[in-house]
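Notes to accompany the following structure.
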Amino acid sequence: MQPTHPVLQVEPTDHCNLACRMCAPHHEGWETVHGVPKGYLDPGLWERVVRGLAAEGQRFDHVIFQWLGDPSLHPALDRLVATAATGLAGRVGYLRVDTNGILLAGERMDRLVDAVAAPGGAGPPLLVVFTIDAHSPEVYAHVKGRDALPRVRRNVRRLLARRRATGARVNVQLQFVVQPGNAREVGPFLRYWQDLLSCQGGGGPDGDGPWHDEVLFKRLSVGGGAAGQAEADALYERALAGAGIEPGRQGPVTVHTWQARPWQRDDGHPEQARTACPGLWLTPVIRQDGHLLMCCADLHSELDLGSLQEHGFGALWHGPTATARRLAHLAGRFEGACAGCGGINWYALTPQMAEQARARGRALGL
């Protein structure tokens, strides 16, 4: 869905406890992910950033806690979420945590749910996305690099029990990235979670319950549209068609499928002209050390705008460096990290966004 405001991605850590085959940094064991030492977001810094965002009147479609690591490794994840829930209330549609779920056991899961269980439900709701990608333990270990599926399932059940006990506005998405090695399990994956949520969920068979739970089947993204992307797209389409999976409400869950190709250009559509990438307008990322980046596809931090320890979000996001990069895209110039990228295709660049960049460029004398 096209957001009306940017989607802010916050990286609690770039450490991970899995070695997923689809994730080069952790599968290949990179010493650094972004070209800077791995680390953890300072909760005090995040609190200052949130106060600054509120003072500037910034608004976001939603805030995602995750980037190139798993947020469950951050010992104060619940504090990071609670800070956003209180400090950005009324300024964000919802909060989201993307995690493999392995470490969110027992009291840690309870604290995460409780972080948004404000009296009267005044704060934004929370969506917890569990990236699972398998139905059987054997396939899970193959694609994720570790045998942890039973533990993940227990932790999902813990979340469901806790939200029922507290009434917290916490929704769940079970995510399956279709890739070589797991494609045959899309059907059993959907049936397992439909059965579980029929018993332990709360969305109601017709979507009339207090919670909204989802299963998402996602295309594998290959190197910004590099060699192998067309093959990955074809595998995705065959797998879903073979299992008869279609989007829509199905019992206790809403099934989402990824209709659009991940990238504007890929190895199956090399002749298609690139347009300005909406990522430069809609996907700000706060790295674990507090630096603000322009795009969630920029693994090596080439689109670094500067540190939020030294500058406000607005000064960086609407400043001369960011504006010049947007104007270059509008002129058909794709340089640096953008030169080898196909351009994200899950959002669209609107005429209003383009005109705002041009107006900002004129104001800055660019």
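Nothing fancy with the numbering, it's 1 onward along the sequence. Treat the numbers as computed from the prediction; the structure is a model and nothing was measured.
- The shortest distance between side-chain heavy atoms of P43 and L80 falls below 4.5 Å.
- Considering only heavy atoms from C-beta on, E47 comes within 4.5 Å of R79 through its side chain.
- The existence of a salt bridge linking K218 and D133 is excluded, since no basic side-chain nitrogen approaches an acidic carboxylate oxygen closer than 4.0 Å.
- Using a cutoff of 4.0 Å between basic side-chain nitrogens and carboxylate oxygens, E355 and R362 are scored as salt-bridged.
- For T83, the side-chain hydrogen bond (donor to acceptor under 3.5 Å, both in side chains) criterion is met by no residue, not counting sequence neighbours.
- Checking side-chain atoms of T99 against main-chain N and O of G101 turns up a donor-acceptor pair under 3.5 Å.
- Taking 4.5 Å as the limit, every side-chain heavy atom of Q2 sits out of range of all side-chain heavy atoms of P278.
- For R59 (side chain) and G90 (main-chain N/O), a donor-acceptor pair under 3.5 Å exists by modelled atom type.
- Screening residues 343-354 for salt bridge (charged side-chain N to carboxylate O under 4.0 Å, His left out), with sequence neighbours left out, gives no hits.
- Counting only residues at least two apart or in different chains, side chain to side chain donor-acceptor pair (under 3.5 Å) contacts with residues 170-183 comprise Q173-Q175, Q173-E214.
- For the residue pair D233/Q229, the side-chain donor-acceptor check at 3.5 Å is satisfied.
- With a 4.5 Å cut-off on side-chain heavy atoms, V49 and F313 do not count as touching.
- Remark: F217 engages F176, V186, F189, L190, V215, Y236, L240, I245, V255 in a side chain to side chain contact (heavy atoms under 4.5 Å, CB included) (not counting sequence neighbours).
- Counting heavy atoms from C-beta outward, M109 and R162 have side chains that stay 4.5 Å or more apart.
- Residue pairs satisfying the salt bridge (charged side-chain N to carboxylate O under 4.0 Å, His left out) criterion with at least one member in residues 285-314, sequence neighbours excluded, are listed as follows: R287-D289, R287-D304.
- Applying the side chain to side chain donor-acceptor pair (under 3.5 Å) definition to pairs two or more places apart or across chains, those involving residues 7-17 are E11-H34, D14-Q288, N17-N100.
- The closest side-chain heavy-atom distance from Y140 to L18 is below 4.5 Å.
- Under a 4.0 Å N-O distance rule, the pair R325/E335 does not qualify as a salt bridge.
- Counting heavy atoms of neighbouring residues, nucleotides and ligands inside a 6.0 Å radius, atom CD of E246 does not exceed 12 of them.
- For P284 against L292, the heavy-atom pair with the smallest separation is CB-CD1, 4.1 Å.
- Of all heavy-atom pairs between D78 and A115, the closest is O-CB, 3.6 Å.
- Minimum interatomic distance between L104 and S72 (heavy atoms only, all atoms of both residues): CG-CB, 3.9 Å.
- R163 and D213 are joined by a salt bridge, as a carboxylate oxygen and a charged side-chain nitrogen come within less than 4.0 angstrom of each other.
- Within the 4.5 Å cutoff, the side chain of Q58 has no heavy atoms near those of the H5 side chain.
- For the pair H74 (side chain) and L41 (backbone), a donor-acceptor distance under 3.5 Å is present.
- Minimum heavy-atom separation, G123 to A89: CA-CB, 4.4 Å.
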